[in-house]
Amino acid sequence: MSTMRLATWNVNSIRARVDRVTDWLERADVDVLAMQETKCSDDQFPTMPFAALGYDVVHCGFNQWNGVAIASRVGIDDVEVGFAGQPSWSDKPEAEAVAEARALGATCNGVRVWSLYIPNGRTVDSPHYLYKLKWLAALRETAATWLADDPSAQIALVGDWNIAPTDEDVWSVEAYQGSTHVTVPERSAFDAIVETGFSDLVRPYTPGPAVFTYWDYTQLRFPKNRGMRIDFILGSPSLAQRVERAEIARDERKTGKDRVGSPSDHAPVVVTLTG
DNA sequence: ATGGTTGCTGCGCAA
């Protein structure tokens with residue numbers, strides 16, 4: 001075991017963002033990066049810019065909007081698309097259901113990393129909302145099994161959870177009244193996974209109110225710091241023991257001439273694990 | 001003021 005920097009970032013299109021992402025990987029000295037909303041098929045993923053920096057990449061694109069990936073410069077082993085019990089959205093053929101998977105697992109230097117894109121839910125009266133809850137319940141069941149099978153396993157559940165676990169995690173409770181991301185069932189589903197033994201590795205190092213990972217592109221939400229905390233790195237007990245520090249790379253959300261191209265609407269989240 | 005922005009096998013729709 002050696003020191004490892006593990007990050008997650010909803011990149012909102014890897015093809016539109018590859019220069020920003022690789023630029024940040026270098027500056028931030030990140031070893032493993034889980035990405036969400038890559039918005040491309042597997043053959044469209046720009047692997048070369050990552051390879052040039054020494055990163056291997058695995059990707060699973062499952063529709064025109066979404067897709068998850070893991071880039072690692074410390075190796076990638078035992079890649080798995082989706083997990084047992086993961087519900088598929090519809091009665092599509094088996095192959096398409098697998099391609100719809102919103103989870104990609106890989107072992108990087110002894111740490112099992114899951115890049116997760118939890119279903120958005122859209123609106124509380126949408127079938128997508130029920131699908132989201134069903135998906136979270138299946139994740140909890142499976143994750144509990146992983147820990148039961150090996151209580152000392154180093155497992156990271158990282159990504160865009162599309163849930164703000166507490167009122168402190170949104171800029172305005174009123175603004176999200178009646179919306180997804182803040183409902184009791186969603187928060188209970190998140191809490192249930194935490195209770196299974198996966199703790200938020202970042203929050204202890206980023207305390208206080210108005211600490212966010214996502215800001216809507218519109219209405220000057222970022223300059224006004226009107227965001228949500230919906231991107232998380234959850235870790236098994238053995239992984240939690242290794243955390244040395246953590247941060248939200250808020251500056252990567254900035255628009256500016258010192259940055260290449262436009263920003264994602266999410267900021268990266270990082271943990272440093274001791275050796 | 002029901003607005004604003006970003007991305008896409010884009011021309012509306014999901015986020």
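Throughout, protein chains are lettered first and strands after them, A, B, ... in sequence-line order, and every chain is numbered starting at 1. Any value given below was found using the heavy atoms of this structure, including those in side chains, with hydrogens, waters and symmetry copies removed.
- Side-chain nitrogen and oxygen atoms of A:Arg15 include at least one within less than 4.0 Å of the OP1 or OP2 phosphate oxygen of B:dT9.
- Atom C1' of B:dG10 sits at a distance of 14 Å from the matching atom of B:dA15, rounded to the whole Å.
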- [ ] Report the C-alpha distance between A:Trp171 and A:Phe212 in whole Å, list the side-chain angles of each, state the deciding distance to 0.1 Å, and finish with yes or no for ring pair (Phe, Tyr, Trp, His ring centres under 6.0 Å).
- [x] CA-CA 8 Å; A:Trp171 70 271; A:Phe212 307 129; 8.6 Å; no
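- Here the nucleotide nearest the side chain of A:Ala16, chosen from B:dA15, B:dC8, B:dG4, is B:dC8.
- Residue-level contact check: A:Ser41 touches neither bases nor backbone, having no heavy atom under 4.0 Å from any strand.
- In this entry the distance linking NE2 of A:His266 with P of B:dA15 reads 11 Å, nearest Å.
- No continuous path of ILVMFWY side-chain contacts below 4.5 Å connects A:Tyr55 to A:Val79, so the two sit in separate hydrophobic clusters.
- With rounding to whole Å, A:Arg102 atom CZ is found 13 Å from B:dA14 atom P.
- Across all strands shown, A:Arg122 has heavy atoms under 4.0 Å from sugar-phosphate atoms exclusively, and none from any base.
- For the pair A:Arg17 CZ and B:dA15 C1', the interatomic distance rounds to 12 Å; values are reported in whole Å.
- Using a 4.0 Å heavy-atom criterion, one finds that A:Tyr117 contacts the sugar-phosphate atoms exclusively.
- For A:Tyr129 and B:dA15, the OH to P distance is 16 Å, given to the nearest whole Å.
- At a cut-off of 3.5 Å, with distance as the only test, no side-chain donor of A:Arg17 or A:Ser264 sits close to an acceptor on the other residue.
- Among B:dT6, B:dG4, B:dA15, the nucleotide with an atom closest to any side-chain atom of A:Gln219 is B:dG4.
- Between the CG atom of A:Asn66 and the P atom of B:dT9 there is a distance of 12 Å, given to the nearest Å.
- For A:Ile14 and A:Asn10, each mapped to the nucleotide of DNA chain B holding its nearest heavy atom, the one lying further toward the 5' end belongs to A:Ile14.
- Of the candidates A:Leu234, A:Ile155, A:Leu201, A:Ile233, A:Leu239 forms a side chain to side chain contact (heavy atoms under 4.5 Å, CB included) with just one, namely A:Leu201.
- In this structure, the nucleotide among B:dT9, B:dT5, B:dG7 sitting nearest to the side chain of A:Gln44 is B:dT9.
- In this structure, CH2 of A:Trp161 is placed 18 Å from P of B:dA15, rounded to the nearest angstrom.
- Atom name P, nucleotides B:dT9 and B:dT5: the rounded distance is 22 Å, in whole Å.
- Phosphate proximity of B:dG7 to A:Ser262: present, with a side-chain N or O under 4.0 Å from OP1 or OP2.
- In summary, A:Asp251 and A:Arg27 do not engage in a salt bridge, as defined by a charged side-chain N under 4.0 Å from a carboxylate O.
- With rounding to whole Å, A:Arg221 atom CZ is found 13 Å from B:dT5 atom P.
- Rounded to whole Å, the distance from NE2 on A:His181 to P on B:dA15 is 9 Å.
- Side-chain atoms of A:Arg5 never come within 3.5 Å of backbone atoms of A:Val270 as a donor-acceptor pair (strictly under, hydrogens ignored).
- Going from the C1' atom of B:dT6 to that of B:dC11 covers 16 Å, rounded to whole Å.
- For A:Ser13, a side-chain nitrogen or oxygen approaches OP1 or OP2 of B:dC8 to under 4.0 Å.
- Comparing B:dA14 with B:dG4, their C1' atoms are spaced 16 Å from each other, to the whole Å.
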